[in-house]
Amino acid sequence: MKYLVTGGAGFIGSHLCEYLLDQGHTVHVVDNLSTGSLKNIDHLSDHPRFQITVDTVLNPFVMERMVQEADMVFHLAAAVGVKLIIEQPVATMETNLQGTETILKLAARHGKKVLITSTSEVYGKNNKLPFDEDDDCTYGPTTTGRWSYAYSKAIDEFMAFAYLQECNVPVIVTRLFNTVGPRQTGRYGMVIPRFIRQALHNESITVYGSGQQSRSFTFVGDVVKALVDLSECEDAVGKVFNVGNDERVSIEDLAQKIKLMTGSTSKIKYIPYEEAFANNYEDMMHRMPSLKKINKLIGYRPTMDLDSILRTVIDHTQRTMAHDSVEIQNDQALIS
Ligand code: UDP
C-alpha cells in the first residue's frame, strides 16, 4: 500500500512511518516542520520507499497531488502540546480545522480512506474514569485558551463523520492518550520528556499544581501498531476509538519515580499553574481510557507498562545527551 502520512516528521508520525516501512509499505510524508523535525526521520531519508514533502497541509494544490497518489491517508498533522496551544491559538485552530477540512475534501474528491488522529483532550474536564468513547465532552469557557485545542479537535471529529455521511469518505477516528517514547521533545510542555531531562541534569523537577492530577501514558510503538491495525479493519470505519493505556499515575508519583529511576539528586518543585502558564490555564484532573471497544475489535492491549516506558525513554535520552555532548566537544576542538 502507499500511505500519505501528514505530520510524518513529528514524534508519533515518524514512528508510524518506520512501522509502515517495516511492513513493506510505501510512505509519503507531508510536514511543515513546525513542531516536527527532519532529525526524527533522518534514519529513513535514504529508504527507497520513503519520500517527504516539506509543506503545509493547508496548501490545497500540493495536497491534491499527494492525496490522489496515496491509497490511504493517516492524518496526524496538528498543533500539539499545551504550551504551544496556549501561546499560538490562531495557528492551533488554523492547522487543526483547515488542515483536516482540506484532507477530508480531497479524500472525498479522490475516494480515499482517512484515519484521523484526535486526542483524549476531547473529553475535556469530564471527571469520569475511565473514558468511554460515547461519554460526554465537558469544556471550559472560550476565554480559557487551553480549550481551543479540545474544541478544534472535537470539530475535526464532527467533520470526519459529516464527510462520511454526505460524501462517503471512509473515516476512522482515534483518540490518543498521552503518547510517549523516544524522540518526543519536552519543548511543547510534555511532562515525561521534561521530567526525565530535568532529572538527568539534576535540575528541579517541575510539578504543576498539587501533582495530584493523573494521566495514563502509552508507548508510541503500541499506538502506531493500533493505528495501522484499525486502518486495516473494515469494521473500524465510521467509528471512534480510544488508543491508550489504562495504567494511571499521579504527576507527583511520576516525578518521584523518574527521580528514583535516574538516580537523580533533583528536588521536586511544586509550581502554581499561574506561574507555569501566564494566564488562561485550566488542567484536567484525571485521564484514563477505557480500552474495551478497541480491544473487542482488534484485540488491542498495550504491551509496555509505565516502568518499561520510562526505562526506554530514560535510556534513549541518556544516549542522545551523550551524543550531543560529544558533538559539542568535537565542535569546540575544531574551533580551537
Ligand atoms: N506537567 C507538570 N510539569 C511539567 C509539564 C506538565 O506537572 O513540567 C503536568 C501537567 O500540568 C498535566 C500533566 O503533567 O497535569 C500532563 O501534561 P502534558 O502536557 O504532558 O499532557 P496533557 O495531559 O496536559 O495534555
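Counting starts at 1 for both ligands and their atoms, following the listed order.
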[atom]: which protein heavy atom is closest, and how many Å away?
atom: atom 19 (O) of ligand 1; answer: Gly189 O, 3.4 Å
atom: atom 3 (N) of ligand 1; answer: Thr206 O, 2.6 Å
atom: atom 9 (C) of ligand 1; answer: Gln213 NE2, 4.0 Å
atom: atom 21 (O) of ligand 1; answer: Asn178 ND2, 3.3 Å
atom: atom 8 (O) of ligand 1; answer: Arg194 NE, 2.7 Å
atom: atom 7 (O) of ligand 1; answer: Tyr208 N, 2.7 Å

Closer than 4.0 angstrom, basic N to acidic O: yes or no for [X] and [Y]?
X: Arg197; Y: Glu203; value: no
X: Glu101; Y: Lys105; value: yes
X: Lys257; Y: Asp253; value: no
X: Asp235; Y: Lys296; value: no

Which atoms from ligand 1 have a heavy atom of [X] less than 4.0 Å away?
X: Val207; answer: 7 (O)
X: Ile251; answer: 7 (O), 13 (C), 14 (O)
X: Glu121; answer: 25 (O)

>> Quick one, Lys293 with Asp134, criterion salt bridge (charged side-chain N to carboxylate O under 4.0 Å, His left out). Give me CA distance, side-chain angles, the key distance, then yes/no.
In response: CA-CA 11 Å; Lys293 190 171 173 186; Asp134 52 5; over 6 Å; no
> Should Glu282 and Lys125 be marked as a salt bridge (charged side-chain N to carboxylate O under 4.0 Å, His left out) after you check the CA-CA gap, both sets of side-chain angles, and the distance that decides it?
Replying inline: CA-CA 9 Å; Glu282 197 176 345; Lys125 51 182 170 178; 2.6 Å; yes
> Taking the minimum heavy-atom distance to atom 24 (O) of ligand 1, which of Gln212, Met190, Arg146 ranks first?
Replying inline: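 The nearest heavy atom belongs to Arg146.
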> Given Asp283, Val191, Val180, which one has a non-hydrogen atom that is nearest to atom 10 (C) of ligand 1?
Replying inline: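 Checking each option, the heavy atom nearest atom 10 (C) of ligand 1 is found in Asp283.
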> Which bit of Met284 is near ligand 1, meaning a heavy atom under 4.0 Å away: side chain, backbone, both or neither?
Replying inline: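 Within the 4.0 Å criterion, Met284 makes no contact with ligand 1.
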>> Tell me whether Tyr188 reaches ligand 1 (any heavy atom closer than 4.0 angstrom to a ligand atom).
In response: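 Checking ligand 1 against Tyr188, which is what was asked, there is no heavy-atom contact under 4.0 Å.
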> So is Arg287 in contact with ligand 1, going by heavy-atom distances below 4.0 Å?
Replying inline: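 Yes, that is the case, since the closest heavy atom of the residue is under 4.0 Å from the ligand.
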>> Show, in sequence, the C-alpha distance, side-chain angles and deciding distance for Leu230 and Phe241, and conclude whether the side chain to side chain contact (heavy atoms under 4.5 Å, CB included) test is met.
In response: CA-CA 9 Å; Leu230 284 170; Phe241 297 92; 3.9 Å; yes
> Which is it for Lys239 and Glu133 under the salt bridge (charged side-chain N to carboxylate O under 4.0 Å, His left out) test, yes or no, and what are the steps along the way?
Replying inline: CA-CA 9 Å; Lys239 298 190 180 111; Glu133 286 83 349; over 6 Å; no
>> Is a donor from one side chain sitting under 3.5 angstrom from an acceptor on the other, for Asp315 and Thr312?
In response: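 There is no such pair (donor and acceptor under 3.5 Å, judged by atom type) between the side chains of Asp315 and Thr312.
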